[in-house]
Amino acid sequence: MNNKRQFALRAAGLFCASLLLVACDKTPTPSKASDVSADTATQEWSKHGGGDAEQRFSPLRQITPENVDKLGLAWAFDLGVSRGIEATPLVVDGVIYVTATWNKVFALDAKTGALRWQFDPQVDRSKGADLCCDAVNRGVAYSDGKIITGTIDGRLVAVDAKTGTKLWDVITVDQSKPYTITGAPRIVNGKAIIGNGGAEYGVRGYVSAYDINNGEMLWRFYTVPGNPENGFENAAMAKAAETWKGEWWKYGGGGTAWDSMAYDPELDLLYVGVGNGSPWNQSIRSPGGGDNLYLSSIVALRPDTGEYVWHYQTTPGETWDYTATQHMILAELDIDGEPRKVIMQAPKNGFFYVIDRATGELLSAKNYVPVNWASHIDSETGRPVEIPEARWGSKAPYLQLPGPMGGHNWHPMSFNPASGLVYIPVLETPYIYANDEEFSYKEGRWNTGSDSAMGSLPSDLAQFKAVKAAVKGRLLAWDPVRQGPVWQVEHNSPWNGGVLSTAGGVVFQGNADAKLVAYRADNGERLWDFFAQTGIVAPPISYELDGEQYIAVASGWGGVFALVYGGLMPAASDPGVGRLMVFKLGGSAKLSELSKASIQKPTPPPSTADAITVAEGKQLYDSNCVVCHGDHVISSGLIPDLRWSPLLATAEAMQAVVLDGALSSRGMPAFKALLSKEDVGLLRAYIISAANDGLEAKLEIEK
């Protein structure tokens, strides 16, 4: 352990050298792309990605680089929450539908913002214990007069689009297991398609299809094989099982399909992005190696039956949380003088993939961010050429790019058929992967098989500054034909919003600095911005009513980076009220001012525990609490800062909440099945130590 800690202290210095291992290509000239598979709806935004191809491109052209400076707020609606908002709004028949925290659905007049109805699915908030990445969701689906939403506690619910009256409500997961749903459903041929999350907690992933009329399940495709003794559901699972070793099913296997999908109606293929392994550490999950299909893969299915057609695996033998659940886009590109129907993805692993969407053949793959886990993707085999030291499971700790946040996370990118460019919200967040030498699988607990302490930011000022400087975010315009960057805009934080591009030649993105920004699509020139009072991570959309083009985006700072590192690396905005904001040329509305609540910082109890006790408490905290309450117990403000909690006053008060669930109705679940009274005592000792430590002042953090 001492050797690991010494390695961690050297990490920031080593990081600069690692950046040089693989660099991005030189800037090319953008090439034109055919508009054959472009989404064609103009007045509405009735599907999650704008259309089945998920291009997130609007053909509307009223707003241009020449007049975008006249863009102003038309109206805003307060969603009544202050947590992360990741939803894509939908616009159908003059009504805009948006979701807030805990899956609340709002229907608003798309022109005025007047509330039509709201629906609360009454989510079991104790399921917050099973959420890796905030109480978020990415929106709803619309079909045949119905709004369909997945819920955090694993249900799929349909309501009447005109009235908000519930039509049906079905359970899609085994609720005795730590499954959750944060993704938006997709509608294909009268079916609502939905996946789920929970890989870190030890579940087996799958995607399911339900009849939109009554919620009847029509088919289910598992993404990883189960226990061979129980037989395999189909030939695809039997084939996949040949690529696994050991007794992987005891750990769930992972492979949750928690976000991206796309559909090609001509080929009648549904594309599903598959997530990481459970645990991350392949040497535990599948000792002896293997590709571990269909982890980190794009899988093509027949949407009417769930039949497997083909797959492409971006990261064979996944061991870094390198999901392939990131946004996928369908397009037609001119490659080597030949039009090709492709699917494009920039998954977490740092490479941008262009794949033939009929066959799964790799056409090209280049890194869009610095990477040091693989030198390149072999064009003949389609496989990464790994750097041996990066496979950390049985080796020394390894400082890696990208880390588990990925080079691109869930935030959607956009493809503009006119410019031929893909606009990607990218990030660089280094991470030290190290084997958890004391790992033992614990039901319902965060099980990665990695030493969680290595992911904690350094408490030494010089090291902290070096790491902070290495953490980056940018908007990247990428040429998918020539596989290289065209322009990029640097951000102050890595955690920024999804992207919209338009036929008017404008690209819109929100950011961590609480601004919605418009850029020129061809060169990235900043044209306009609007201060939203709180960070934006959700993607914008565009629609037209009565001859006017509107831009809509939901604001609400949150998500996994904000929760874990937002206290130590604060954005230039505060957590604030979640809103839906709608803009048009000549808009003159104003946001209401927010009253900034002051954080009460009572004097904490004195820290009397010895160093060993505090260290044991930190280990428990990093394994159970850090993903909500923040690294080093420094909260982003989205969740109460435990250092100033009255619960620290007595061991009994803390036990009532942590073990018995006294605050479960507010999203703080009971951990009685996971922790003991002795564990809570260790946690309390560590939190009290952190409260007395004054780390923010030592690290010169300004909020």
Side-chain angles (χ1 to χ4, degrees), residues 4 7 18 21-22 132 198-205 223-225 240-241 243-256 258 273-297 311-326 347-351 367 371-378 382-409 429-441 446-455:
K4 287 183 182 179
F7 183 91
S18 74
L21 289 175
V22 184
C132 77
E200 280 76 17
Y201 297 88
V203 300
R204 181 189 181 196
T223 55
V224 298
T243 68
W244 290 73
K245 309 290 184 183
E247 297 178 318
W248 69 88
W249 59 89
K250 292 185 176 180
Y251 304 116
T256 47
W258 52 265
V274 182
N276 57 280
S278 176
W280 295 354
N281 190 337
Q282 194 201 29
S283 68
I284 297 172
R285 180 183 75 241
S286 181
D291 285 353
N292 296 173
L293 293 172
Y294 296 96
L295 296 180
S296 303
S297 298
H311 78 276
Y312 179 85
Q313 189 172 40
T314 59
T315 311
E318 195 287 308
T319 196
W320 303 281
D321 190 23
Y322 282 170
T323 61
T325 54
Q326 282 55 56
K348 275 189 182 181
N349 73 12
F351 290 92
N367 60 294
V371 303
N372 69 348
W373 70 276
S375 61
H376 64 285
I377 305 299
D378 187 295
R383 299 174 67 88
V385 179
E386 291 187 14
I387 295 171
E389 291 78 12
R391 195 157 281 276
W392 52 275
S394 58
K395 298 183 176 68
Y398 190 71
L399 176 65
Q400 187 153 318
L401 274 173
M405 296 283 178
H408 172 216
N409 208 278
T429 52
Y431 189 84
I432 300 173
Y433 291 94
N435 187 46
D436 182 355
E437 297 170 357
E438 299 178 0
F439 176 81
S440 63
Y441 180 77
W446 186 270
N447 290 286
T448 65
S450 66
D451 185 348
S452 57
M454 302 301 280

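We use all heavy atoms of the structure for the numbers below, so side chains are in, but hydrogens, waters and symmetry mates are not.
Judged by distance alone, with hydrogens and angles left aside, the side-chain atoms of Thr319 form a donor-acceptor pair with the main-chain N or O of Trp280 at under 3.5 Å. Distance alone, capped at 3.5 Å, is enough to place a donor-acceptor pair between the Tyr312 side chain and the Gly382 backbone. Judged by distance alone, with hydrogens and angles left aside, the side-chain atoms of Ser278 form no donor-acceptor pair with the main-chain N or O of Gly252 at under 3.5 Å. In this structure, Thr256 contributes its side chain and Trp258 its backbone to no donor-acceptor pair below 3.5 Å. A donor-acceptor contact shorter than 3.5 Å is absent between the side chain of Asp291 and the backbone of Leu293. Using modelled atom types, no side-chain atom of Glu200 and backbone atom of Asn447 make a donor-acceptor pair closer than 3.5 Å. With hydrogens and angles ignored, the 3.5 Å screen pairs no side-chain donor or acceptor of Thr323 with any backbone N or O of Gly275. In terms of modelled atom types and a separation under 3.5 Å, the side chain of Gln282 and the main chain of Ser286 share no donor-acceptor contact.
Going from atom CG of Asp436 over to atom OG of Ser452 covers 7.0 Å, rounded to the nearest 0.5 Å.
The shortest side-chain heavy-atom distance between Lys348 and Pro402 does not fall under the 4.5 Å cut-off. Side chains of Phe351 and Thr314 form no contact here, defined as non-hydrogen atoms less than 4.5 Å apart. Looking only at side-chain heavy atoms (C-beta outward), Trp320 and Trp392 come within less than 4.5 Å of each other. Using a 4.5 Å heavy-atom threshold, the side chains of Pro279 and Phe439 count as touching.
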Self-check item: Derivation and outcome, side-chain hydrogen bond (donor to acceptor under 3.5 Å, both in side chains), residues Asn292 and Gln313
Solution: CA-CA 10 Å; Asn292 296 173; Gln313 189 172 40; over 6 Å; no
Quiz prompt | Pair Arg204-Trp249, side-chain contact (heavy atoms from CB on, under 4.5 Å): steps then yes or no | solution = CA-CA 8 Å; Arg204 181 189 181 196; Trp249 59 89; over 6 Å; no
Exercise. Step by step, work out the side-chain hydrogen bond (donor to acceptor under 3.5 Å, both in side chains) result for Gln400 and Asn372.
Key: CA-CA 6 Å; Gln400 187 153 318; Asn372 69 348; 5.3 Å; no
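The closest side-chain donor-acceptor pair between Asn281 and Asn435 falls under 3.5 angstrom.
Ring-centre distance between Trp373 and Tyr398: not below the 6.0 Å cut-off.
Among residues at least two apart or in separate chains, salt bridge (Lys or Arg N to Asp or Glu O under 4.0 Å) pairs with a member in residues 388-402 are Glu386-Arg391. Listed by first then second residue, pairs satisfying salt bridge (Lys or Arg N to Asp or Glu O under 4.0 Å) with a partner in residues 275-285 number zero, not counting sequence neighbours.
Here Thr315 pairs with Asn349 under the side chain to side chain donor-acceptor pair (under 3.5 Å) rule; sequence neighbours left out. Listed by chain and number, the residues in a ring-ring contact (aromatic ring centres under 6.0 Å, His included) with Trp244 are Trp248 (sequence neighbours excluded). By the side chain to side chain donor-acceptor pair (under 3.5 Å) test, Ser296 is found to be paired with no residue, residues two or more places apart in sequence or in another chain being considered. Under the rule for a ring-ring contact (aromatic ring centres under 6.0 Å, His included), the partners of Tyr294 that lie at least two apart in sequence or sit in another chain are Tyr308, His311.
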